[in-house]
**Student:** 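Next up is a structure, given as structure tokens.
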Amino acid sequence: MKGQEYLRNVVTLELDSDKCVGCGLCVIVCPHRVFEMGQDTAVIVDQDACMECGACGLNCPAEAIDTKSGVGCAYAVLKGKLTGGEADSCCCDESDSDCC
Amino acid sequence: MKTQRIRNLSFIEHSGRKIPKVPAQLHLSDWIGTAKVRCGIGRMNYAVDPGLYAVGDPDGDSPVFVSANYKLSFDALRKELGGLDGWILVLDTKGVNVWCSAGKGTFGTDEIVNRVGIVGLETIVNHRRLILPQLGAVGVAAHKVKSGCGFSVVYGPIRACDIVAFMQAGMKATDQMRQVRFSFYDRLVLLPVEFVAGAKYVLFAMALFFIMSGISARGYSSGLALHDGVRSMFNLFAAYAGGAGIGPLFLPWLPGRSFSFKGLMAGLLVGSVLALLGLVGSGAEKVAWLFLVAAIASFVTMNFTGASTYTSLSGVKKEMRVAVPLQIAAAALGLGLWIIGRFV
């Protein structure tokens, strides 16, 4: 999305192509088109577009993808810091942005 | 959780069971409900009963679409299914939309396996296939659903409005259907809720500044509070509107990548306009408002990361490490200067 690129070189996404079985599910589930199918395995083509939602890793049957997934929400991070808990997806309740 | 009544519900007989059938057309009350929720009214309590529903005239070979029990998600799906015959399996996501509940795991593998069992889906349909909204993948492991209940998962498009095209293409989604967007309109409909979310803090700050505006070297004067206080309240509200309105709406066009920086830009814009209108006073107070407006707008826009569709947690943490100390410093400096301005 033009004008909607977030910070560079911060994302925790890692793909172990030795483990990848080439099922292509990560290509399907990624909402930011981070993956493409290469020769036999998936490849990361746009690392910085990743929002660490974790869908790819969760759906990878070979456990070839590693992300420290979470919700990129400043309010949740603040709340986590103030209450001593981990950043949770709590403020997500305020967004309905997946509806058409 | 109290659930919403679905208008014009009827029942169909299938496999010796009575299954509720929902119309694909929304009732006027559904639209009113949507409008209210968009304004933040009763948003946390807008659920439908989980379970199996029919749309059109489905049989044992009809597709099964999985949805959340947030009524906005459910309505978005059934409205788009007009003309298709199918089943909707509504999960118990505690009245939260698909993406957000998937992030929490309530729209998840366990709930699907559980719900398929509760409604006895294997006695309703001959096939063993569930069509999920793509964003549900954040909480669902397709291979574990398969091993858990025997149904395989097909990830459909992100947006319900693409579902018919997806089905007609033989359950193939285009690249565009698989990509999340965050258009001007998407951001616009989020604004009222965002505005309401922080309103109580802003109203509190406005009241505080109104009262404090009466302070001067000559003691307290309610006349002064009225004269300067209204201006102060307006400036605070303008700063908030800059952070919660201009920041989100003009997100792609504001310079910088971090939301706090974009918010700072929105704040500087608002501050300049206030200065041009002669609303920021003079001397120390003028500088004070610059810092206060910038800090508030930056902070408020930074909090829009949670509503956005593309910020990563790692990125948010990184920008906050820099931005939050600066916002606190600017706000403290601004407040200090503003108080000094009352006495000089």
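Chain letters run A, B, ... following the sequence lines, proteins first and then strands; every chain starts at 1.
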**Student:** With sequence neighbours left out, write down each residue that passes side chain to side chain contact (heavy atoms under 4.5 Å, CB included) with B:Gln4, or none if nothing qualifies.
**Tutor:**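 Side chain to side chain contact (heavy atoms under 4.5 Å, CB included) check on B:Gln4 returns B:Tyr46, B:Lys71.
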
**Student:** Please report, to 0.1 Å, the donor-acceptor pairs under 3.5 Å made by any side chain of residues 195-202 of chain B, with sequence neighbours excluded.
**Tutor:**
none

**Student:** Is the shortest heavy-atom distance from the side chain of A:Pro31 to the side chain of B:Ile158 under 4.5 Å?
**Tutor:**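 Side-chain contact under 4.5 Å: yes.
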
**Student:** So does A:Gly72 get a backbone contact from the side chain of B:Ser312, meaning a donor-acceptor N/O pair under 3.5 Å?
**Tutor:**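 Not confirmed, B:Ser312 side chain does not pair with A:Gly72 backbone.
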
**Student:** Once you round to the nearest 0.5 Å, how far does CZ of B:Phe299 lie from OH of A:Tyr75?
**Tutor:**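 Rounded to the nearest 0.5 Å, the CZ-OH separation comes out at 9.5 Å.
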
**Student:** Counting only heavy atoms closer than 4.5 Å, note whether A:Cys23 contacts chain B via side chain, backbone, both or neither.
**Tutor:**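 Neither the backbone nor the side chain of A:Cys23 comes within 4.5 Å of chain B.
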
**Student:** Strictly less than 4.5 Å between heavy atoms, which residues of residues 42-58 of chain A line up against chain B? Please order them by number.
**Tutor:**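 Heavy-atom contacts from residues 42-58 of chain A to chain B are A:Cys50, A:Met51, A:Glu52, A:Cys53, A:Ala55, A:Leu58.
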
**Student:** Say you draw a straight line from CG of A:Asn59 to OH of B:Tyr155; how long is it, rounded to the nearest 0.5 Å?
**Tutor:**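 Here the interatomic distance stands at 3.5 Å.
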
**Student:** A side-chain contact here means heavy atoms from C-beta on lying under 4.5 Å apart; do B:Leu313 and A:Val77 qualify?
**Tutor:**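 Side-chain contact under 4.5 Å: yes.
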
**Student:** Quick check on B:Lys146 against chain A: is it the side chain, the backbone, both or neither that has a heavy atom closer than 4.5 Å?
**Tutor:**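 Contact with chain A is absent: no heavy atom of B:Lys146 under 4.5 Å.
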
**Student:** Can you tell me how far the CD atom of A:Gln4 sits from the CZ atom of B:Arg187, to the nearest 0.5 Å?
**Tutor:**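 Result: 5.5 Å between the selected atoms.
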
**Student:** Are side-chain heavy atoms of A:Glu5 and B:Tyr310 found at a separation under 4.5 Å?
**Tutor:**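 Sidechains of B:Tyr310 and A:Glu5: no contact.
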
**Student:** Out of curiosity, B:Gln134 CD to A:Cys30 SG, how far, rounded to the nearest 0.5 Å?
**Tutor:**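 The distance works out to 8.0 Å.
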
**Student:** In terms of heavy-atom pairs under 4.5 Å, which option from B:Arg178, B:Met320, B:Lys144 contacts chain A the most?
**Tutor:**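 So the answer, after comparing B:Arg178, B:Met320, B:Lys144, is B:Arg178.
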
**Student:** Of all of B:Val140, B:Val145, B:Val189, B:Val324, which one pairs up most often with chain A through heavy atoms under 4.5 Å apart?
**Tutor:**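 Most heavy-atom pairs within the cutoff with chain A belong to B:Val140.
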
**Student:** Go through the atoms of A:Leu78 and report whether side chain, backbone, both or neither lie under 4.5 Å from a heavy atom of chain B.
**Tutor:**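 Interface part for A:Leu78: both.
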
**Student:** Taking side chain as everything from C-beta outward and backbone as N, CA, C, O, which of these in B:Asp175 sits under 4.5 Å from a heavy atom of chain A? Side chain, backbone, both or neither.
**Tutor:**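 Both parts, backbone and side chain.
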
**Student:** Work out which heavy atom in B:His143 is nearest to a heavy atom in A:Cys60; give both atom names and the distance.
**Tutor:**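 Looks like CE1-O, 3.8 Å.
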
**Student:** Which residues from residues 7-19 of chain A are near chain B, with near meaning under 4.5 Å between non-hydrogen atoms?
**Tutor:**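 So the qualifying residues are A:Leu7, A:Arg8, A:Val10, A:Val11, A:Thr12.
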
**Student:** Quick check on the interface: out of B:Met302, B:Arg257, B:Lys318, B:Glu319, who has the most heavy-atom pairs with chain A under 4.5 Å?
**Tutor:**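 Going by pairs under 4.5 Å, I would pick B:Arg257.
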
